[in-house]
Amino acid sequence: MHIALGITGCIAAYKAASIVRELQKRGVTKITPIMTSSAQKLITPLTFEALTNQRAITDQWSPPESREITHISLARSVDALLVAPVTANTIGKFANGIADDFLSTFFMAIEKPVVIAPAMNKEMWSKEAVQKNLDILRERGVHIVDPDSGYLACGEVGAGRLAEIKKIVDTLFDILKPEKILLGKKIVITAGPTREAIDPVRYLSNPSTGKMGYAIAEQAVAMGADVTLISGPVEISPPNDIKMIPVVTALEMNDAVEKSIVGADALIMTAAVADFRPASIATGKIKKDKMPREIKLERNPDILLSLKDNKNIIKVGFAAETENIEGNAKKKLESKGLDMIIANDVSEPGSGFGSDTNRVIMISKKNESESLEMMSKKDVAIVILKKLAGLLL
Ligand code: CTP
């Protein structure tokens with residue numbers, strides 16, 4: 001999970017360091033700190049950089065460290081924005097469409113959940129302007145963790161103290177908890193490449209890394225599904241709470257799919273199955289001077305095609321294309337008798353094998369197609385699974 005943590009110029013800014021720790025304790029793997037210039041007068045960016053191991057974003061105009069550090073690409077890659085503490089000033093900017101620093105510009109660009117935890121003096125907190133701005137934000141879907149009452153930094157007692165860290169983080173996690181829309185559904189997912197041996201040290205394969213299939217498996221579990229993941233050889237670790245079946249060849253994958261789909265509700269084939277295998281595998285290593293210049297190939301079974309007449313499960317295929325993306329994908333959808341196909345242009349930067357993002361077109365059997373913008377593979381997984389949940393109703 002990747003959280004953008006906004007820190008604004010309130011004396012409670014030092015508490016944001018403990019928020020970082022709490023987020024990490026609860027499994028957030030990446031935190032990008034965004035500090036306003038006032039926040040930097042109270043606590044240094046170094047504190048957050050040391051805690052998060054990420055460069056803190058402190059200025060809208062400094063050259064980006066990487067392409068990811070722009071308000072638009074960051075807005076796409078994070079799961080949520082948490083601003084804690086948030087001042088009356090930043091609340092005012094968020095509510096009134098002012099974008100004059102990185103945080104307020106980022107707020108405009110983000111279409112993910114936003115949680116803010118105000119902290120200020122009790123008179124400021126009770127001001128009509130502040131409360132009206134909060135009403136506007138609430139109405140627009142921003143989640144507000146109201147401040148507690150108690151001893152304030154100004155020496156007074158009243159409402160305005162930053163809410164307890166646990167309450168702030170609990171609110172964020174409640175919002176991010178996916179709905180269990182796949183509860184009780186049995187889903188078989190294939191991922192990664194297959195390897196087709198030539199001899200004990202050589203094989204035919206492709207550059208699939210399994211990232212898309214593993215992201216779908218992880219999100220399907222989070223949505224309550226009972227997941228079997230059949231994976232070719234990949235470098236990533238499997239998500240928790242799934243049944244994992246490692247395979248190497250297309251024949252092994254075919255066998256595992258046949259067995260696993262008995263009683264299943266859906267099959268999602270993200271695997272890049274090798275269409276051919278060497279007709280024979282040498283038992284010993286072929287010395288280079290003995291290596292034939294041509295290798296005879298045999299067709300591997302087309303796993304999806306062989307299930308064309310199986311109407312008991314919903315079948316989702318993937319089409320990795322380099323041209324006529326939608327047209328080619330539609331042909332595969334029809335010829336393989338699929339309920340849905342997810343097509344992508346593997347030659348487009350950010351959309352190919354191994355990338356963390358993907359731009360896909362989802363095509364249903366009714367020929368309805370939906371082009372999604374470039375997004376993280378996790379978000380693509382969520383969109384696909386929501387669509388699948390609709391098909392499983
Ligand atoms: N697939 C399969 N068995 C194979 C090859 C592919 O089940 N032997 C599945 C893939 O997992 C994917 C879909 O079929 O979900 C489309 O795969 P792709 O290789 O793109 O399509 P092909 O039909 O092999 O077409 P081509 O190679 O001509 O593009």
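Hydrogens, waters and symmetry mates play no part in the numbers below; they use all other heavy atoms, side chains included. Counting starts at 1 for both ligands and their atoms, following the listed order.
Residue contact annotation: Asn300 has no non-hydrogen atom under 4.0 Å from ligand 1. The shell of residues lying under 4.0 angstrom from ligand 1, judged by heavy atoms, excludes Ser306.
A donor-acceptor pair under 3.5 Å is absent between the side-chain atoms of Thr58 and the main chain of Met35, judged by distance alone. Side chain of Thr8 to backbone of Pro85: a donor-acceptor contact under 3.5 angstrom is found. Formation of a donor-acceptor pair under 3.5 Å by the Lys211 side chain with backbone atoms of Gly354 is found in this model. Asp241 contributes no side-chain N or O that, together with a main-chain N or O of Val221, makes up a donor-acceptor pair within less than 3.5 Å.
Salt bridge status for Glu326 with Lys330: present, with a side-chain N to carboxylate O gap under 4.0 Å. Between Asp148 and Lys167 there is a salt bridge, with a side-chain nitrogen of the basic residue lying less than 4.0 Å from a carboxylate oxygen of the acidic one. A salt bridge is absent between Glu123 and Lys127; no separation between the charged side-chain nitrogens and carboxylate oxygens falls under 4.0 Å. The pair Lys365-Glu334 fails the salt-bridge criterion, with no side-chain N (NZ, NE, NH1 or NH2) lying under 4.0 Å from an Asp/Glu carboxylate O. Salt bridge present: Glu348 and Arg359 bring a charged side-chain N and a carboxylate O closer than 4.0 Å.
Where the criterion is an N or O separation shorter than 3.5 Å, residue side chain and backbone included, Ala272 fails it with respect to ligand 1. Any N or O atom pair closer than 3.5 Å counts here, and Thr270 shares no such pair with ligand 1. For ligand 1, the polar-atom distance check finds no N/O of Ala319 at less than 3.5 Å from any of the ligand's N/O atoms. By the 3.5 Å distance cut-off applied to N or O atoms, Val273 is not counted among the residues near ligand 1.
Among protein heavy atoms, the minimum distance from atom 2 (C) of ligand 1 is reached at Asp302 OD1, 3.4 Å. With hydrogens left out, the protein atom closest to atom 12 (C) of ligand 1 is Phe318 O, 3.0 Å, a heavy atom. At the top of the distance list for atom 3 (N) of ligand 1, counting protein heavy atoms only, stands Ile303 N, 3.0 Å. From the protein, the heavy atom lying nearest to atom 7 (O) of ligand 1 is Leu304 N, 3.0 Å. The closest protein non-hydrogen atom to atom 5 (C) of ligand 1 is Asp275 OD1, 3.2 Å. Closest protein heavy atom to atom 8 (N) of ligand 1: Pro301 O, 3.0 Å.
Less than 4.0 angstrom separates some heavy atom of Gly317 from each of these atoms of ligand 1: 15 (O). If you number the atoms of ligand 1 from 1 as listed, the ones under 4.0 Å from a heavy atom of Ala271 come out as 10 (C), 11 (O).
Of the listed residues (Lys336, Lys332, Met253, Met269), the one carrying the non-hydrogen atom nearest atom 23 (O) of ligand 1 is Lys336.
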Practice task
Under the side-chain contact (heavy atoms from CB on, under 4.5 Å) rule, what do Lys378 and His2 come out as? Steps first, then yes or no, please.
Solution key: CA-CA 11 Å; Lys378 176 186 168 184; His2 180 186; over 6 Å; no
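For atom 20 (O) of ligand 1, the protein comes within 4.0 Å by at least one heavy atom.
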